[in-house]
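Proteins come first, then strands; the chains are lettered A, B, ... in the order of their sequence lines, and each starts at number 1. Remember, it's a predicted structure, so these values are computed and weren't measured experimentally.
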Protein chains: 2
Amino acid sequence: MSQDPAARQSSGHQSSEHPSPEHRTDGLLASLVAAEGARAKTATEFVEATLKKGILTGALPAGMALRQEELAREFGLSRMPIREALRQLEAQALIDFLPHKGAVVTEISLDDALDIFAIRRALETAAFALSIANLRPDDLSRAIETIAEIDAEADPARLGHLNRQFHMTLYACAGRPKLLALIEVQLASYDRYLRFHLSARGREHMAQDEHRAMVEAAAARDVATAVAILERHIDTAAEALKQFYAAREAISGGA
Amino acid sequence: MSQDPAARQSSGHQSSEHPSPEHRTDGLLASLVAAEGARAKTATEFVEATLKKGILTGALPAGMALRQEELAREFGLSRMPIREALRQLEAQALIDFLPHKGAVVTEISLDDALDIFAIRRALETAAFALSIANLRPDDLSRAIETIAEIDAEADPARLGHLNRQFHMTLYACAGRPKLLALIEVQLASYDRYLRFHLSARGREHMAQDEHRAMVEAAAARDVATAVAILERHIDTAAEALKQFYAAREAISGGA
DNA sequence: CCTGCTAGAATTGGATCCAATCAACATTGG
DNA sequence: CCAATGTTGATTGGATCCAATTCTAGCAGG
């Protein structure tokens with residue numbers, strides 16, 4: 001049964017029943033389940049990837065309770081792969097797992113975002129500094145290419161992916177796989193903020209100018225300048241998010 | 001059944017059977033199962049904590065295959081809590097989980113250790129810089145106290161814990177919980193190296209002089225000096241480990 | 001003698017079932 | 001009328017069972 005996860009929901013023993021009105025995740029997950037495609041070896045991996053994407057893109061909003069049985073119905077599976085997937089998501093700090101109470105999508109606050117920015121600043125500057133000397137011309141051209149793709153892309157979810165791709169391309173030659181893996185996790189976590197951040201302030205906040213400046217400094221092998229730009233890049237993003245939260249607070253507080 | 005994990009192995013329906021000669025983890029885990037105590041709400045948490053300690057202390061060496069059924073026998077549980085615990089350990093990069101093949105304790109190499117040092121250097125310097133201004137006198141005295149405890153402690157496993165405690169005390173006032181949590185994970189990962197590193201080179205490599213210098217610089221609120229000492233502290237540890245691996249390579253290569 | 005195939009065992013992935021726990025609600029005594 | 005308590009429902013934690021996959025050993029054929 002694990003050879004074709006994409007066809008799982010059509011295994012057909014509980015597809016058309018239970019049109020009960022209390023299933024809140026149905027419409028939200030249906031598209032994700034279909035979009036995830038057939039790239040997954042086991043059902044657990046499939047569920048994990050789908051839920052992860054759902055959380056990062058915001059389809060599963062913060063604070064939402066994830067009922068095991070309900071998810072099992074949505075995916076057309078038993079509760080077991082759901083449970084194992086939830087365990088792994090908990091280890092990635094995407095959900096909170098309270099014993100006997102269930103799983104809840106972790107809340108995101110400004111403080112959490114500032115934590116992520118602090119972590120990113122520390123890790124990415126280190127990786128960038130290590131990587132610059134080893135960057136090949138095709139790495140740089142790929143980075144420039146990604147900048148163009150970002151300009152052309154409209155979908156916020158894809159934008160997050162492209163932004164991640166751009167940054168990772170510049171760090172890829174650091175020769176520190178665990179460091180890079182950790183950065184990728186943090187960048188993925190940032191997607192949760194990037195999404196509603198973009199929707200509120202527009203795509204200008206991708207700061208493409210700084211992206212280009214990073215590539216230029218890297219091409220010139222100017223580590224100090226490159227790192228300085230990256231630091232400012234992250235700091236301005238943090239500042240923008242701070243203002244966004246302040247504005248939102250003013251609205252909800254004044255109303 | 002989840003009210004007393006410490007008494008789990010004596011639930012008694014499969015205790016004295018199966019003294020088969022092929023169970024390799026029996027002696028290794030027995031002490032750990034007993035030592036973990038009763039502090040765990042669910043069986044899964046209990047198993048996870050026990051295995052984690054086993055891996056970090058080296059009782060479960062790198063490359064060891066973790067058979068689910070065998071572990072279930074050891075713990076006196078079914079395979080299910082084992083499976084969920086293994087999933088979480090995989091997310092912490094302590095084991096590799098190959099579909100249909102099983103779980104293996106992740107190998108540790110010099111490159112991996114250098115990765116951890118690079119990550120620690122980036123994260124800890126950032127946290128230390130943020131924390132210094134907020135450190136209270138009792139934080140500093142607690143750090144000094146921990147230095148003394150390190151001098152008095154003989155057990156390598158406890159040494160790792162104390163070393164972690166010392167560092168975390170100095171970073172605790174950074175006001176960035178996620179950053180601190182990440183550092184703690186990395187420091188715990190480092191325990192795997194610290195252990196055989198200590199056994200080979202002696203406790204002098206805890207570098208207590210640098211520990212004291214860090215506290216002094218922090219007390220003087222001298223961020224630049226403190227960060228510089230910390231960087232050197234980590235770099236010298238990395239260098240020591242490099243030499244250790246080189247020496248081991250020379251032995252095994254020459255024999 | 002070596003190579004490729006096949007059948008079996010070993011092991012994991014997934015489903016179903018039962019027990020323990022928690023929350024809410026009704027009930028009863030003060 | 002309020003508070004403490006028992007009870008019931010929902011939900012998760014854990015156990016057992018079955019299916020799918022991988023590895024291995026043995027055998028036939030070249």
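- The nearest whole Å value for the distance from the CZ atom in A/Phe97 to the C1' atom in D/dG14 is 13 Å.
- Between A/Ile82 atom CD1 and D/dT11 atom C1' the separation is 15 Å, expressed in whole Å.
- B/Arg192 places a side-chain heavy atom less than 4.5 Å from the side chain of B/Thr106.
- If you take CD of B/Glu84 and P of D/dA15, they are 11 Å apart, rounded to a whole angstrom.
- The separation between B/Lys41 atom NZ and D/dT12 atom P is 18 Å, rounded to whole Å.
- Distance from the side chain of B/His100 is smallest for D/dT22 among the nucleotides C/dA15, D/dT22, D/dA15.
- Atom P of nucleotide C/dG14 and atom CG of A/Leu77 are separated by 8 Å, given to the nearest angstrom.
- Under 4.0 angstrom from either OP1 or OP2 of D/dG14 there lies no side-chain N or O belonging to B/Arg79.
- The 5' end of DNA chain C is approached more closely, in terms of each residue's nearest nucleotide, by A/Thr44 than by the other of A/Lys101 and A/Thr44.
- Atom pair A/Arg87:CZ and C/dG13:C1' shows a separation of 17 Å (rounding to whole Å applied).
- Ionic pairing of A/Arg83 and B/Glu84 is present here: one or more N-O contacts between side-chain nitrogen and carboxylate oxygen are shorter than 4.0 angstrom.
- Here the P atom of nucleotide D/dG13 and the CD atom of A/Glu69 are 13 Å apart, to the nearest Å.
- B/Arg83 places its CZ atom 10 Å from the P atom of C/dT12, with the value rounded to the nearest Å.
- At the phosphate of D/dA10, neither OP1 nor OP2 sits under 4.0 Å from any side-chain N or O atom of A/Gln68.
- Every pair passing salt bridge (charged side-chain N to carboxylate O under 4.0 Å, His left out) that includes a residue from residues 162-179 of chain B is listed here, sequence neighbours excluded: A/Asp115-B/Arg176, B/Arg164-B/Asp191.
- Side-chain contact, A/Arg120 with A/Ser189: no donor N or O sits under 3.5 Å from an acceptor N or O.
- Of the candidates C/dG14, D/dG13, C/dT12, the closest approach to any side-chain atom of A/Pro81 belongs to C/dG14.
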